[in-house]
Every structure is written in structure tokens, then in C-alpha cells.
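Take a look at the structure below.
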Amino acid sequence: MSDRADLVVVGAGTVGGWASVFARADGVGRTVVVERGLVGIGASSRAAGIVRAQGGTPSTVALGRWSIDFYHGQRAAYGTDSGFRELGYLILAVTEEDERAGRERVAMQRSNGLAVTWLDADEAAATAVTLSSAGHRGGSYLATDGAIDPPRNVRAYSLAMQAAGVELRERTAFTGLRTEPAPGGGSRVVAVETHTGPIETERVLLTGGPGLRAVGRLAGIRIPVGAARHTVAVLEPHPAFDVAAMPMVFDIGAGLYWRLEEGGLLFGWSDPNEVPGEARSIDWVGYDAMRARLGSLVPVTRDLGLRRIWAATIDYTPDHLPILGPGLDREGVPIAGVSVASPGGHGMMWGPGVARVAADLVVRGSTELIDVADLGLDRFDAEGRSRLAADPIALPFPVSAGVDEDPSAGM
């Protein structure tokens, strides 16, 4: 008997998991998710969980707002949730240019419906009570931003997939696409190849976080998604952190963020000067530099011990924006039935919104959530450079994903 599905999703991370649930709710029949390892084993379970609507473009504002609304409604919709907590988020400006750009960003965000405000240095220190009033110029603040618990998020979409009747195949490696000529030109997908055999289908959604570039290579599609080390640490508790509420803070220039965690302080960062690639070891030199930076802004942390630390490989795109659109063959022609979805390193933040858009594109070929006209693979040149300006609120990842010139290399 042939193995056939109405939709095959490659990758069981946040985007692939929720997209499969949304597609089933939209009436898609047999939906199969193939995952090389175990569900959530990658970046989805190792993130810091920060979720913000304070995007740098109208589209990322919309994705963040939709995702936060979705997190709020999970319990009612699915009987489970990702542990979202409304903490507030303060994005600091350190230089005069930071402040100018930040105030312009606030004007854009407010025009898109966000109740974001600008706090001066003293107001920022009064809001984030352990923050020094020196060393920065204040920043933008939104009380409704927050954080989820990443392992709980994996549990939530896993349970939702099960309830929706999604067939999850773990330890099943994607090995390629089977295509044939399409009427009128180009090609169309007819099957997904896996190491256990083909699955016949006319609809495929390629996801994969840091592994999406490799997935694209196997499919014969150039996808400029890079992989980079991201480090998260948690400091020991201190009475100063024993407060009813304290917002998350992002030192945008340094790429350093922090929030409360289990009575201590969680902080994380990425280094744009690292060579892209898989990395889970700890960069202790980078840790010392970020501890010093954190200590200058949050003096109480200077003498605190380290409770735990971990590094994860997370994904990014060269312009720090999501990828949402059709898979393109070597000539840049869409492969009928194939869609690509990447959150651009913001799986917790935009993941549900990206998954919603991806499901819309798979099911209906269009979406009303955001304008995806500029978010497809056709915005990148042969070296993976984007024609779009980079999202201004992002961790400082490298500007290149190191894309292979020939997408068939390594197939």
C-alpha cells in the first residue's frame, strides 16, 4: 500500500508543530509531520522564551501581537498552554543614535496599534527597579510583552498535535522531494522522500530552525538560514529580585537581555563575530564580557554566583526577518505545492504567527495576517544577501548565512 498524506510538514519545532495543528483545523486531511530527531529537541526547548510585540517593522509587530494573543487563548482553545506571563519589556537606548531610532520605532509601533511608551533614564530605572539610571538614555516600554516557558511550549503543541489527529513521525529523516513537470511549466511536488520511504503528497511545508538550510539543500532549494550559538545563563537569587513584578530588559546595542527567573536573573546574548555553525559549548570569554556589561547596568549582579548556563544553536536569517513563501527551484521558479517557513531566529516570539501564516499559505495560498510579498526566498541573491533592510530589533547575528552557491551540494 502507498503511504499518502494531504500535507507533509518537515520539522517538529514550534513553527512546524503549530502549523500542522492550524492546517488540521482548517480542514486539511491526513497531516504527517516528519522529524529527524525528537519533537522540540532543537532550539524550541532551549530558548529564553521572550515574546514581544515591539517589532521593528509593521509585519513583525503584527506577528508579535498575534502570537501574544494566541498564547493568551491557548488554555481555552487547547486545554493546555505555553506558560505565557505578561512581564513588560524595556528596550534600552544607550547612544544618541539609539534614542533617535528608538523614538522613530515607537512612532511606527503606535501607528500600528501598540500602546508603547518612551521612558527616560530615571523612569526606566524606576520601572525596572534593579536597573541603574546611568549608562543609558531610557527606552521603549510595553507592559503587555512577556515570556513563555520553552519546554512547556513544546508540550503544548505536542498535545495539540495529538488532539488534532496530526501524525508525528519522530526519528524520521527527510531526504528530499520528488517532483514532476507541472502543466504550464515548472514543477510540482508529488512526494516527500524519507529514510523510511516516500510519502506521496501534493502539499509540503519545509521548516527546521537552524537545520532549515540543510533541509533546503536536500530539497534542491537555496534557503539562506544560518545557525549560530546563543548563550543563556541564570544567576543565583538575591533579595532585590524578590519583587511582585519586574520587566524584561534588552540592551539592544550589546545584544544583551535579561529577566527574572526562579528568584534569580536570566540573561542571554549572541556574538555577531562568531563563525556561523552548530555550537553548544560555552564561550567563557564572551560570558565574562557580558557579565561585566550586565554589572554596569544592574549593579546588584556584580557579585552573584552562576546557577546554570547553557548554549544552543539557533537560527537566523541575514535580514533577521521571517521567510514565508514558496520553495524555488534552481532557476528561481516556484515548485507548486512547496512552502517554506522560518521565524528568522524568533521562534518563541513570532512562531505561532509564522505558523499561522504558513498554514494559510499551504491551505489557501494567501494570508490576511501580514503582507508576505517581500518575505519570500526571492528577496535573497545567490550569496544569500537580502534586498530588505534588516529588522532593527534583533540579536546581533552574523550578516551572512554562508549559503551554498549550488543548492544540490551535499544532497
Side-chain angles (χ1 to χ4, degrees), residues 13-15 42-44 46-57 60-61 63-64 67 89-95 98 101-102 105 136 139-140 145-148 150 209-210 212-213 224-234 248-259 261 265-280 282-283 285-287 289-291 293-294 297 309-323 342-351 354 384 386 388-402:
T14 297
V15 172
S44 291
R46 292 182 171 88
I50 289 176
V51 182
R52 56 170 166 78
Q54 290 185 77
T57 69
T60 57
V61 168
L63 288 171
S67 297
Y89 204 14
L90 172 65
I91 300 178
L92 292 179
V94 173
T95 67
D98 289 343
R105 190 172 62 242
H136 60 88
S140 62
D145 286 341
I148 64 169
L212 184 53
R213 177 185 169 197
V225 169
R229 172 166 39 202
H230 182 70
T231 309
V232 182
V234 182
M248 308 175 295
V249 183
F250 186 16
D251 176 9
I252 192 170
L256 170 69
Y257 62 84
W258 61 92
R259 65 170 175 82
E261 173 79 1
L265 196 75
L266 176 151
F267 67 103
W269 72 93
S270 292
D271 182 355
N273 297 315
E274 286 191 5
V275 176
E278 293 279 334
R280 292 187 180 178
I282 306 301
D283 174 9
V285 173
Y287 168 79
M290 287 301 172
R291 277 299 304 263
R293 178 65 180 170
L294 181 64
L297 292 168
I309 186 170
W310 67 95
T313 304
I314 62 175
D315 59 306
Y316 68 92
T317 58
D319 55 16
H320 311 309
L321 294 168
I323 296 173
S342 166
H346 301 83
M348 305 296 104
M349 190 179 304
W350 302 337
V354 168
S386 174
L388 304 181
D391 187 287
I393 313 179
L395 290 166
F397 294 129
V399 296
S400 169

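Please read these numbers as outputs of a predicted model, since none were measured by experiment.
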State, with a plain yes or no, whether a side-chain heavy atom of [X] is found less than 4.5 Å away from one of [Y].
X      : Y      : value
Thr14  : Trp350 : no
Ser386 : Thr317 : no
Thr231 : Asp283 : no
Thr57  : Leu388 : no

Next item on the list: Take Ile393 and Arg52, measure what side-chain contact (heavy atoms from CB on, under 4.5 Å) needs, and give me the verdict at the end.
Entry: CA-CA 10 Å; Ile393 313 179; Arg52 56 170 166 78; 3.4 Å; yes

Locate the shortest heavy-atom distance separating [X] from [Y]; write the atom from each residue and the value.
X      : Y      : answer
Leu266 : Ala48  : CD2-CB, 4.0 Å
Leu63  : Val354 : CD2-N, 3.9 Å
His320 : Ala390 : CD2-CB, 3.9 Å
Met290 : Phe267 : CB-CE1, 4.4 Å
Leu395 : His230 : CD1-CE1, 3.3 Å
Met248 : Gly146 : CE-O, 3.2 Å

To the nearest 0.5 Å, what is the distance between [atom1] ([X]) and [atom2] ([Y])?
X      : Y      : atom1 : atom2 : value
Asp145 : Arg259 : CG    : CZ    : 13.0 Å
Met349 : Ile50  : CE    : CD1   : 7.0 Å
Phe250 : Leu90  : CZ    : CG    : 11.5 Å
Ile252 : Tyr257 : CD1   : OH    : 14.0 Å

Spell out, as yes or no, whether a donor-acceptor pair under 3.5 Å connects the side chain of [X] to the backbone of [Y].
X      : Y      : value
Asp319 : Ala389 : no
Gln54  : Tyr89  : yes
Asp315 : Ala227 : no

